[in-house]
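In what follows, every chain begins at residue 1, and chains take the letters A, B, ... in the order their sequences are listed.
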There are 2 protein chains.
Amino acid sequence: MQPFITKFDPYEPTEYIVDAKSGTRSPAPLEKVAIIGSGSWGTALARVAAVNVAQQDGFHPEVLMWVRDPDECARVNETHENARYLPGVDLPSNLVAVSSLADVVRPATLILFCVPHQFLPNVLAELAPGTVQPNARAISAIKGVDVHIREEEGTADIYTFPAVIEKALGIPCSALGGANIALDVGRGQFCETTIGVPSPQDAALWHAVFDSPSFRVHPTSDVSGVSLSGALKNVVALAAGFVDGMGLGGNTKAAILRIGLLEMSTFTCEFFTSASPLTFSHHSAGMADLITTSFGGRNRRCAEAFVRAGGSKKKKTFDELEKELLHGQKLQGTVTAREVFMFLHARGRLEGYPLFEKVYRISFEDMDPMRLFDDL
Amino acid sequence: MQPFITKFDPYEPTEYIVDAKSGTRSPAPLEKVAIIGSGSWGTALARVAAVNVAQQDGFHPEVLMWVRDPDECARVNETHENARYLPGVDLPSNLVAVSSLADVVRPATLILFCVPHQFLPNVLAELAPGTVQPNARAISAIKGVDVHIREEEGTADIYTFPAVIEKALGIPCSALGGANIALDVGRGQFCETTIGVPSPQDAALWHAVFDSPSFRVHPTSDVSGVSLSGALKNVVALAAGFVDGMGLGGNTKAAILRIGLLEMSTFTCEFFTSASPLTFSHHSAGMADLITTSFGGRNRRCAEAFVRAGGSKKKKTFDELEKELLHGQKLQGTVTAREVFMFLHARGRLEGYPLFEKVYRISFEDMDPMRLFDDL
């Protein structure tokens, strides 16, 4: 029951080491996985990868995870737990935290980027030329878009983070979508993810790194669709949170999700011509991730609290709610809502996306949340 | 943002009555709405229709609703409330309960069927030839399928309820899908529904009866898709309830919904060649109704309780749970799960629908709920 997936031959090691004495041949551990980011999602993915590579030929048995703070880093290695962001989940001993970004990246051939999108420019700038191996591949689990407003020309550009990473590092970059409740992935509960991959070779490698009986990985060629879906779903999840905050029920929320998914799909296909609407309607990165996020995610939670606190009127801004409710985690939906609004405004295309527009205006311009349903 | 809808000209009255004295022309009230069924969903739809027709030309101002029990019927008319199935929702005074089925149907031109699917054969049998006006139209909000096993030939047939009604009454029958949390519709919360209509004329009439600013009606030509989606979503909602009963989280549930929606769509398109997969992926009757039902509906609730009670082992059957939890409402998912299983078994097509098969076996054959995820 998996339509529209990229066909690929399962990964097999390509080089072997021959023992001089016995003559036995064993696969060379050519692939080495690095995880850039140690939030809840990064840690959950690092755990999946570490369990997987330990059982597979052709992979270096250690997975390195970048934990910038040296004390935090030491604590993860001592306790084999990321108590701050993924409490209660045992991490395998072959998952090693390292506080130097360059030391994590230099030996790696497969690099997962999973930092809040606000931080990516600094991370990329920190990677001096030559740090990344020329034959390495990247995959982005970053939720967001990169928007540049060109005010003088009265227009704007939009890029996915895989495109940003490819340009900065000169290596191919895939996209990893949801499911995305990190703690449940950490606990090994059955779930699915979609990866958008530029080639069948990338499909084979990333499938080998992440696929398991409880974490099913489906590759598709639609890199921008998977990446954009991960960004835009957070905007729709804010709308879902507004619905919850207004005390409205399941019918209303489902209608908002349906309309939101259509706007996500239409937006992506309008501005990224290679994207496919099927990524949104049929893949885990589309409708399933949107459902998960809109019922359980942090954007939904903060948006509900925002409305219950009386919208912008009682001066509880999203910045305050982020600090109050998320304890250091970042709220990504509001950043994306603003970027998407600015982009659509600069392009003169706001009227095509009434839900996205409303989410921005309710979040930042004091609009009455009940007006969410106007013009839908 | 409404793709793939049936285009239609808004309904306009076709005949006028001219006052002999003044010469003023007023539209003749040619259309009269009848509601067959007074459960929570039937009553909520009756309320929407009654509010609408009171404000529109060309409709008889009264909407009749069949309430079989004479005491119950009298109580609804006295209190303007259906205290048993839609408590706390004021019903307009032009919604009139009638205990005789024939008296409700005889004057009607637009007949909504909204009874539990177990009861439909008796209702249709009760309608003697000539009771239904030959120019009447029907619409079915019944959730289920009509399966006939032909054991001697080793095969089976499947029909939608609109097809059953069309055949029995000789009038065109549309399908009305979800959203479907009746109480929230009764409260006037924003929601959407899809109607599957055989012609633009039916689209115009049913749109006039049900569409309102808080209840948005989108017509499509896919009658069987809308009807089957309403039936099969209850099977998937049982799976969602099993997930909840096992204490698994949002990722798992979203994955089951995604896989379930694909099975719903594939099943319908395999056995009803005129159906469209877009009904499932893009319409309210598809993904939105599935979401609502899988988070809030009665099938989900009973399935969660079923697993928490230890599956079939502690001998809490679905029949017992229905009585215990639903207070007279009917559980439709288990009936549909059984019918779909029997049909697929007779057709030799079970292997194409692993989720549907698992739901049946967990519900009726003592299968361990954790095996839900096998082969998905």
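- In this structure, A:Ser284 OG and B:Ile259 CD1 are separated by 8.5 Å, a value rounded to the nearest 0.5 Å.
- Note: A:Ser281 OG to B:Arg258 CZ = 10.5 Å, rounded to the nearest 0.5 Å.
- Listed by sequence position, A:Gly247, A:Leu248, A:Gly249, A:Gly250, A:Asn251, A:Thr252, A:Ala254, A:Ala255 are the residues of residues 246-255 of chain A in contact with chain B, using a 4.5 angstrom heavy-atom cutoff.
- Heavy-atom distances place the side chain of B:Arg216, and not its backbone, under 4.5 Å from chain A.
- With rounding to the nearest 0.5 angstrom, the CZ atom of B:Phe190 is 8.0 Å from the CG atom of A:Leu372.
- Under the salt bridge (Lys or Arg N to Asp or Glu O under 4.0 Å) criterion, B:Asp374 pairs with B:Arg371, not counting sequence neighbours.
- Contacts of A:Val185 with chain B are made by both backbone and side-chain atoms, with heavy-atom separations under 4.5 Å.
- Within the 4.5 Å cutoff, the side chain of B:Ile291 has no heavy atoms near those of the A:Met287 side chain.
- Contacts between residues 227-239 of chain A and chain B, counted as heavy-atom pairs separated by less than 4.5 Å, involve no residue at all.
- In this view, A:Thr43 and A:Asn82 satisfy the side-chain hydrogen bond (donor to acceptor under 3.5 Å, both in side chains) rule, not counting sequence neighbours.
- Interface residue B:Leu261: only side-chain heavy atoms are found under 4.5 Å from chain A.
- The OG atom of B:Ser214 sits 10.5 Å away from atom CZ of A:Phe373, with the distance rounded to the nearest 0.5 Å.
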